A.B. asks: 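This structure is in structure tokens; I'll ask about it shortly.
Every value quoted in this text rests on a predicted model; they were computed, and no experiment measured them.
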Amino acid sequence: MRGVRFHLVILILGGSFLLQDCTTKSDPSPVVTSEGIYINELYSTGNDWIELYNDNSSSKDISGYLIYDHASDKYTLPANTIISSKGFLILNCDGTATGLNTNFKLSSDGETVYFENASGTLIDMVKFPAMVDGQSYARIPDGTGEFVITGSVTKDISNGGSSYPAIGEVTKAPVIPGKADAIIVNAVVTDATALSTVKLYYRLNGGSFTTVSMTLTTNNIYAGTIPAIGADATVEYYVEAKNTAAKITLSPADAPTTLYSFIVNSDALPNLVINEFMAANKSCCPDNDSGTVEYDDWLEIYNAGSTAVDIANMYLSDDSTNPFKYKVPATNSSKTTVQAGGYLLIWADDTKSQGELHTNFKLNSSSGSVGIYYIDGRTVNQYTYETQVEDVSFGRTTDGADTWKSFSIPTPGASNN
């Protein structure tokens, strides 16, 4: 009997250990220990920033605190970083890693940001969603409130109470409309009290605005219709939400100064193709545009037509579902024009600040897509590829041909023949 009891105790203890181990592995949520210092608002669609808020009754020295979007590369706040009681502090997320400028940028597609004290204890974390220009992700009220997407950006000032409507994602369908297509604009709109009206304002070719009442469809989504345009045109629009307290939110936040827009266009597409690209440039082809030698991903455009083509205002993308990823600036046609039978080299280095020929994305070496899209988003040419080899390019066997092969000796900006 004593032996039986002994084995029973072992089984119970063993089961306890197993249960404890399973519980640990099934709980992925990190423990957050609040200090009353919060991530209060985030802006991720250009000139990114994070706003911190001190909900304590006294100022707080947060020198040595850490903020990051990847645990392997944390940014440490500099000495003498003080945040006053009920005050705000802005961290510019520009990747420069100096002072109150972090070593990372925020993703407009959404990600998670973590905030630790100087001892490495996690004191706040925020998983924010995809946002568009003019939107921020903010706590309402400051510090202790729930996060909402808001069209009323409140950088370095109070987010206020819950008195304003919040406009979330604004989308349109079809994504690339033709002259005969009616365009449905959808907007996610919420309010803590009650909404009075949601309206869509649109105009053609810079004319006066037409107003359309938007109606609730499902899950806080309001829809409004822009009738078929019937001709080539530039269409601009914005959304207004008003609650029963007469508080108004716009999206974009500073509309009508800034507007959403799309182009209805029936031009014949230019005869341009993606001719060659490299998605794993380690030591092959140097990019000197930053003043130092960098080995960046690149793509080459070939003009198979008989006339020169300026790609200004066209788009480049590494995502066929998002053709509008990088708009080529119309700042220097001598750089963005592809001569007939000529080539144009584009650096896919996620540093568009280096010039017209530098995109806001990098190529994925494991597999991906690369494409050029017209000013209205129509596909000019697109190619989907598989795993790429370091310092080996992939391109058409001859310029503009339908078949592709690997090039151990890449030919960026020159003929593949």
A.B. asks: With no hydrogens and no angle check, just 3.5 Å: does a side-chain donor-acceptor pair link Glu41 and Thr154?
C.D. replies: yes
A.B. asks: Do Glu276 side-chain atoms and Ile274 backbone N/O form a donor-acceptor pair below 3.5 Å?
C.D. replies: no
A.B. asks: Would you please classify the geometry between the Tyr65 ring and the Phe115 ring as parallel, tilted or perpendicular, with 30° and 60° separating the classes?
C.D. replies: tilted
A.B. asks: If you count the non-hydrogen atoms of other residues, nucleotides and ligands that lie under 6.0 Å from CG in Asn80, is the total more than 12?
C.D. replies: no
A.B. asks: Tell me if a side-chain donor or acceptor on Asn303 pairs with a main-chain N or O of Val338 at a distance below 3.5 Å.
C.D. replies: yes
A.B. asks: Identify the residue among Tyr315, Phe262, Tyr374, Tyr260 that makes a ring-ring contact (aromatic ring centres under 6.0 Å, His included) with Phe324.
C.D. replies: Tyr315
A.B. asks: Students often mix this up, so state it plainly: with edges at 30° and 60°, are the rings of Tyr137 and Phe128 parallel, tilted or perpendicular?
C.D. replies: tilted
A.B. asks: Describe, in one word, how the ring planes of Phe277 and Tyr385 are oriented to each other, choosing from parallel (under 30°), tilted (30 to 60°) and perpendicular (over 60°).
C.D. replies: tilted
A.B. asks: Please report the shortest heavy-atom distance between Thr337 and Ala308, naming the atom on each side.
C.D. replies: CG2-CB, 3.9 Å
A.B. asks: Verify the ring-centre separation between Tyr238 and Phe209: is it less than 6.0 angstrom?
C.D. replies: yes
A.B. asks: Do the rings of Tyr114 and Tyr68 sit parallel, tilted or perpendicular, given the 30° and 60° boundaries?
C.D. replies: parallel
A.B. asks: side-chain contact (heavy atoms from CB on, under 4.5 Å), that's the test. Do Glu35 and Lys60 meet it? Break it down for me.
C.D. replies: CA-CA 10 Å; Glu35 288 188 358; Lys60 181 79 171 180; 3.7 Å; yes
A.B. asks: Could you check whether Glu390 pairs with Lys282 (Lys NZ or Arg NE/NH1/NH2 to Asp/Glu carboxylate O, under 4.0 Å)?
C.D. replies: no
